[in-house]
K.L.:
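Before I ask anything, let me first share the structure, which is written out below as structure tokens.
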There are 2 protein chains.
Amino acid sequence: MSVKFAVLGHGVVGSGVVELFYKNKKSIEKRAGTEMDIKYILDLRDFPDSPYKDKFTKDFNDILNDDEVTSVAECMGGVEPAFTFVKSCLEKGKSVSTSNKELVAEKGDILLQTAKEHNCNFFFEASVGGAIPIIRPLHRCLAANDITKVAGILNGTTNFILTKMYNENMPFADALSLAQELGYAEKDPTADIEGHDACRKICIISSLVFGKHVYPKSVYTKGISQVELCDVAAADVLGYAIKLVAMVTKLSDGKILPCVMPTLVSYDNIMSGVNDVFNAVLVYGDGVDQTMFYGRGAGKLPTASAVLGDVIETAKSHGTVVSQTWEASSDDSFVEGIDSYKSRWYFRVPADSKLDGVEVYNHDDGLSYITVNEMTFAEAKAKAAALGALAYMPVME
Amino acid sequence: MSVKFAVLGHGVVGSGVVELFYKNKKSIEKRAGTEMDIKYILDLRDFPDSPYKDKFTKDFNDILNDDEVTSVAECMGGVEPAFTFVKSCLEKGKSVSTSNKELVAEKGDILLQTAKEHNCNFFFEASVGGAIPIIRPLHRCLAANDITKVAGILNGTTNFILTKMYNENMPFADALSLAQELGYAEKDPTADIEGHDACRKICIISSLVFGKHVYPKSVYTKGISQVELCDVAAADVLGYAIKLVAMVTKLSDGKILPCVMPTLVSYDNIMSGVNDVFNAVLVYGDGVDQTMFYGRGAGKLPTASAVLGDVIETAKSHGTVVSQTWEASSDDSFVEGIDSYKSRWYFRVPADSKLDGVEVYNHDDGLSYITVNEMTFAEAKAKAAALGALAYMPVME
């Protein structure tokens, strides 16, 4: 048997999939236990200089209607036409591996169900944490656990900016410009710096772990644009690094509480040492206690590594459904609102604020930086208003 | 269909498997897609107060000859009788999941081959890194990569001791006594502190990644008993933490070089922040660049989590062979000797040593602590002799 697959999209990720596949074809085939080859590459552009130019097509139907193609790697991005293409492939029994987090966050439930109905697989390892193996470990290796919390640094751009602010005392705006120069941030960086990208990824993780589709609109999301150098410096003195943390917690009533917020992470927590464009996901369960997965969250070959890992799995598991499904959700009543989110908190307040029972760092800039014991988000918000706080963020030990 | 499995051994790990399984039975069955139950627990001792006392047997043949048992969790430890029991089970087509690193390091090739011949699986996620998902990610998720290096902190006892030396300036002997008091080290701690345990684990990883069985006797292994507080303090000044690192590197001629040595790990390397009894494995590949897996390397429930993850996988993959096999090796000619191991190095030398072109930290204890540029192990050994060095260790950035 030989497995033929198609690559949809020849942008950064798609071209990486083609490159990495041909570089390691021999060892990939050994691990897959079968010969493998790319039969089509779908892209509307021309690539006359590509060594694989004979494989290019502009017509998706060439792929859809070729029964020899049993596996498809979707690397186009965006919800449409990716959704239509992927769904059509699954309905024909072709397994699909995707790096497209928007697609999974918005349509994962439908696509998993479609795959199941047509005895094939929908894999999305590359959609969260780039190169980091996290999806398969979460639902396979940790399957014996009651998972109580997942917390991650899921966006490389914001982590790069925060690392520059921390290591080089570089103001937010300058760090953002540098990230744009280096190609880590887009021209319109909103999706990264306002936390929307991290939000999509914690939605995918939440859906997978807790079995019900969680939509981005149900998740409280705050980005890093209001984090200032004085916060980063004060957090350091107090023993913390500021990270954009995407988190989901299982509550005692069975509901879940996902959120995305800049967070003070203790130096005793291994996640505080995750720097630059690297991502990490920390998983808490009753068996494992805690386990962390770390690596490059984006980039051509890292993301291609994850997509190809999935493609190899489609070859090995052809004819059986091994991907996890989760339920569609008609409402978000199982998602708890942010107001009841419990945490310790950090406040930046005027130095003359009346404070008691808190850890205080008074700085000569006329401000105080304090951490306080556990309270809800609603209580912290009220306290921030009462204190005239200029900023407040949760604290994670 | 309902899957019945047996647990061999009711010690720390075996009893953890039973406990965690019944705690999370409902969600485990959901993830496995089938009903599951433990039919037998094998132990020579009596457990009259166990809620599962009806499941105990002292006769292995009860399990071997019961065709209803399709999956077995081996948690006895040691090579015999574990090897005989596991091999008999596989020959009857019963899949086996084990936490037994000695067994895998000594007999992995034979057992994987036996499983393949009898259309069942031999899984060993728990044998390396305890709770940490590492085996399955290595051979499934990272299957598209040319893996060039794996470096890990694979022994919790030594990492606990080194952390105490670092954080609390506690001498080696005191830290070892404390580890014994806390149950982290055995009465005879040789296997841990001299690196033999870490050696077994890097053998398993090397065999899996490079496809040929690597025996512990082929691997240069040095433990931490000669690391002194002055080394730990000097390394800190130079920007490093001392860790017992088990490593395997792929060389340009296709050979591999596995070794275990106390190593100075740069503070810029995420692995330097892995403390206490935690383990971590850092994997380098041409696709992923680098990715790290972190968690508890031992303990009742963490190890049980990994064993049960495998047992669930045996249920899901019943009738297909998904476990990786590797070749038996009649000699170790594909394993390069330690003499050609290349690294930067650290030396502890008398302060009057003649030094040039090196990073030096002169301490008022009359000694100098230096790091030097890349050279081979053989060269470093000769240099150490020439300098009258009191200690030398590799340096990892």
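Since the structure is predicted, the reported quantities are computational estimates derived from the model, not experimental observations. Letters A, B, ... mirror the listed sequences (proteins, then strands); counts begin at 1.
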K.L.:
Inspect the surroundings of NZ in B:Lys4 and state if more than 12 heavy atoms from other residues, nucleotides or ligands are less than 6.0 Å away.
P.N.:
yes
K.L.:
Heavy-atom pairs under 4.5 Å with chain B: which of A:Gly130, A:Ala144, A:Gly295 has the most?
P.N.:
A:Ala144
K.L.:
Among A:Leu301, A:Ile132, A:Val307, which residue has the highest count of heavy-atom pairs closer than 4.5 Å to chain B?
P.N.:
A:Leu301
K.L.:
Tell me whether A:Lys116 at atom NZ has more than 12 heavy atoms from other residues, nucleotides or ligands lying less than 6.0 Å away.
P.N.:
no
K.L.:
Between A:Ile312 and chain B, with a heavy-atom cut-off of 4.5 Å, which part of the residue counts as in contact: side chain, backbone, both or neither?
P.N.:
side chain
K.L.:
Can you tell which part of A:Arg296 gets under 4.5 Å to a heavy atom of chain B, answering side chain, backbone, both or neither?
P.N.:
both
K.L.:
Output the option from A:His139, A:Lys30, A:Met292 having the highest count of non-hydrogen pairs under 4.5 Å with chain B.
P.N.:
A:Met292
K.L.:
Looking only at non-hydrogen atoms, find the nearest pair between A:Thr291 and B:Pro133 and report the distance.
P.N.:
OG1-CD, 3.8 Å
K.L.:
Restricting to ring pair (Phe, Tyr, Trp, His ring centres under 6.0 Å), what partner residues turn up for A:Phe160, sequence neighbours left out?
P.N.:
A:Tyr184
K.L.:
Of all the residues in residues 266-279 of chain A, which have a heavy atom that comes within less than 4.5 Å of a heavy atom in chain B?
P.N.:
A:Ile270, A:Gly273, A:Val274, A:Phe278
K.L.:
Assess the residue pair A:Tyr294 and B:Tyr294 against the criterion (side-chain contact (heavy atoms from CB on, under 4.5 Å)); give the C-alpha distance rounded to whole Å, side-chain angles, the decisive distance to 0.1 Å, and a yes or no.
P.N.:
CA-CA 8 Å; A:Tyr294 164 92; B:Tyr294 164 92; over 6 Å; no
K.L.:
Tell me the residues of residues 21-29 of chain B whose non-hydrogen atoms fall below 4.5 Å from those of chain A, in number order.
P.N.:
B:Lys23, B:Asn24, B:Ile28
K.L.:
Sort A:Gln290 into side chain, backbone, both or neither according to what part of it lies under 4.5 angstrom from a heavy atom of chain B.
P.N.:
both
K.L.:
Rounded to the nearest 0.5 Å, what separation is found between the SG atom of A:Cys141 and the CZ atom of B:Arg140?
P.N.:
9.0 Å
K.L.:
Give, as side chain, backbone, both or neither, the part of A:Ala304 having an atom under 4.5 angstrom from any heavy atom of chain B.
P.N.:
neither
K.L.:
Tabulate, in ascending numerical order, the residues of residues 282-289 of chain A having at least one heavy atom closer than 4.5 Å to a heavy atom of chain B, or enter 'none'.
P.N.:
A:Asp286, A:Gly287, A:Val288, A:Asp289
K.L.:
With respect to chain B, which residue among A:Ser305, A:Pro302, A:Ala32 yields the maximal number of heavy-atom pairs within a distance under 4.5 Å?
P.N.:
A:Ser305
